[in-house]
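Scroll down for the structure; my scribbles are underneath it.
Values in this document were obtained by computation on a predicted structure and should not be read as measured data.
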Amino acid sequence: MATNSEIIQEFVEAWSSLDVKKLIEYFTEDGCYHNMPTEPVRGKENVEILISNFLASWTEAQWDILNISEAGNVVFCERLDRTKTTAGDVDLPCVGVFEMQDGKIKEWRDYFDMGTFVSAMG
């Protein structure tokens with residue numbers, strides 16, 4: 001069985017597929033995705049809608065893991081998310097904190113500078 005860090009490494013790599021069905025399978029049914037500058041999105045169906053909305057304008061994604069560590073059921077993943085969209089391109093440094101349950105993401109909190117994202121999107 002894969003470690004929690006290995007699962008998150010796979011999840012980060014899966015973003016390059018731009019495939020919402022593939023990405024959503026990493027979450028528990030009651031999973032939560034929280035971009036810290038915004039409100040949390042709870043429930044697998046709602047997380048799927050949010051990811052679909054992101055991907056609607058994305059043309060390419062290459063997320064690089066800079067550092068990853070796990071302690072118990074928590075994985076810390078520092079990344080550089082390089083994303084190309086129809087609105088602009090952004091290289092977004094961020095840190096994701098993932099709480100895992102039975103090999104799935106129960107809680108995902110992403111910390112990043114919203115100003116960097118907004119500036120890139122013009």
Subject >> side-chain contact (heavy atoms from CB on, under 4.5 Å) between L55 and L23, worked out >> reply: CA-CA 11 Å; L55 297 181; L23 293 166; 4.1 Å; yes
**OP:** Evaluate the side-chain contact (heavy atoms from CB on, under 4.5 Å) criterion for residues T38 and Y33: first the C-alpha distance (whole Å), next the side-chain angles of each, then the deciding distance (0.1 Å), finally the verdict.
**Re:** CA-CA 10 Å; T38 64; Y33 178 26; over 6 Å; no
Original post:
Can you list the steps and then say if S16 with Q62 is a side-chain hydrogen bond (donor to acceptor under 3.5 Å, both in side chains)?
Top reply: CA-CA 5 Å; S16 65; Q62 176 63 48; 5.3 Å; no
Original post:
Given E107 and R42, is the salt bridge (charged side-chain N to carboxylate O under 4.0 Å, His left out) satisfied, shown in steps?
Top reply: CA-CA 9 Å; E107 299 272 339; R42 299 195 182 278; 3.3 Å; yes
**OP:** Take R79 and D110 through the side-chain contact (heavy atoms from CB on, under 4.5 Å) test and state the conclusion after the steps.
**Re:** CA-CA 10 Å; R79 309 183 315 268; D110 252 354; 2.8 Å; yes
**OP:** List the steps, then state whether side-chain contact (heavy atoms from CB on, under 4.5 Å) holds for C77 with V12.
**Re:** CA-CA 9 Å; C77 185; V12 169; 4.2 Å; yes
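In this structure, the side chain to side chain contact (heavy atoms under 4.5 Å, CB included) partners of A2, at least two apart in sequence or on a different chain, are E6, I7. Legend: residues meeting side chain to side chain donor-acceptor pair (under 3.5 Å) with K106, ordered by chain and number and at least two apart, are D30. Remark: W63 engages T83 in a side chain to side chain donor-acceptor pair (under 3.5 Å) (not counting sequence neighbours). Not counting sequence neighbours, the partners of E29 by the salt bridge (Lys or Arg N to Asp or Glu O under 4.0 Å) test are K44. Under the ring pair (Phe, Tyr, Trp, His ring centres under 6.0 Å) criterion, F27 pairs with F11, not counting sequence neighbours. For Y26, the side chain to side chain donor-acceptor pair (under 3.5 Å) criterion is met by no residue, not counting sequence neighbours. Taking E60 as the reference, nothing meets the side chain to side chain donor-acceptor pair (under 3.5 Å) condition, with sequence neighbours excluded. Applying the salt bridge (Lys or Arg N to Asp or Glu O under 4.0 Å) rule to D19 yields no partners; only residues at least two apart in sequence or on another chain are considered.
Put simply, the side chain of E78 does not reach to within 4.5 Å of the side chain of I65, judged on heavy atoms. Between P37 and F112 there is a side-chain heavy-atom pair separated by less than 4.5 Å. Contact annotation: the side chain of V41 never approaches that of W108 to less than 4.5 Å [non-hydrogen atoms, C-beta and beyond].
Taking hydrophobic clusters as Ile, Leu, Val, Met, Phe, Trp and Tyr residues chained together by side-chain heavy-atom distances below 4.5 Å, I51 shares a cluster with L18. Note: the hydrophobic cluster containing I8 does not contain L92 (ILVMFWY, side chain heavy atoms under 4.5 Å, direct or indirect links). The cluster map of Ile, Leu, Val, Met, Phe, Trp and Tyr, joined by side-chain heavy atoms under 4.5 Å apart, puts L66 and F76 in different clusters. Residues M36 and V74 fall within the same hydrophobic cluster, defined by Ile, Leu, Val, Met, Phe, Trp and Tyr side chains chained together at heavy-atom separations under 4.5 Å.
In terms of heavy atoms, K22 sits closest to S17 at CD-OG, 3.7 Å.
Applying the side-chain hydrogen bond (donor to acceptor under 3.5 Å, both in side chains) test to residues at least two apart or on different chains, none of the pairs has a partner in residues 49-58. Screening residues 83-97 for salt bridge (Lys or Arg N to Asp or Glu O under 4.0 Å), with sequence neighbours left out, gives no hits. The list of salt bridge (Lys or Arg N to Asp or Glu O under 4.0 Å) pairs with a residue in residues 45-58, not counting sequence neighbours, reads K21-E48.
Atom CG of residue L80 and atom SG of residue C94 lie 8.0 Å apart, to the nearest 0.5 angstrom. A distance of 4.5 Å separates CD1 in I68 from CD in Q9, rounded to the nearest 0.5 Å.
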Show the atom names and distances, to 0.1 Å, of all donor-acceptor pairs under 3.5 Å that link a side chain in residues 95-103 to residues at least two apart or in another chain.
{"residue": "E99", "atom": "OE2", "partner": "R109", "partner atom": "NH1", "Å": "2.8"}
{"residue": "E99", "atom": "OE2", "partner": "R109", "partner atom": "NH2", "Å": "3.1"}

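Looking at K104, its side chain does come within 3.5 Å of a backbone N or O of E25 through a donor-acceptor pair.
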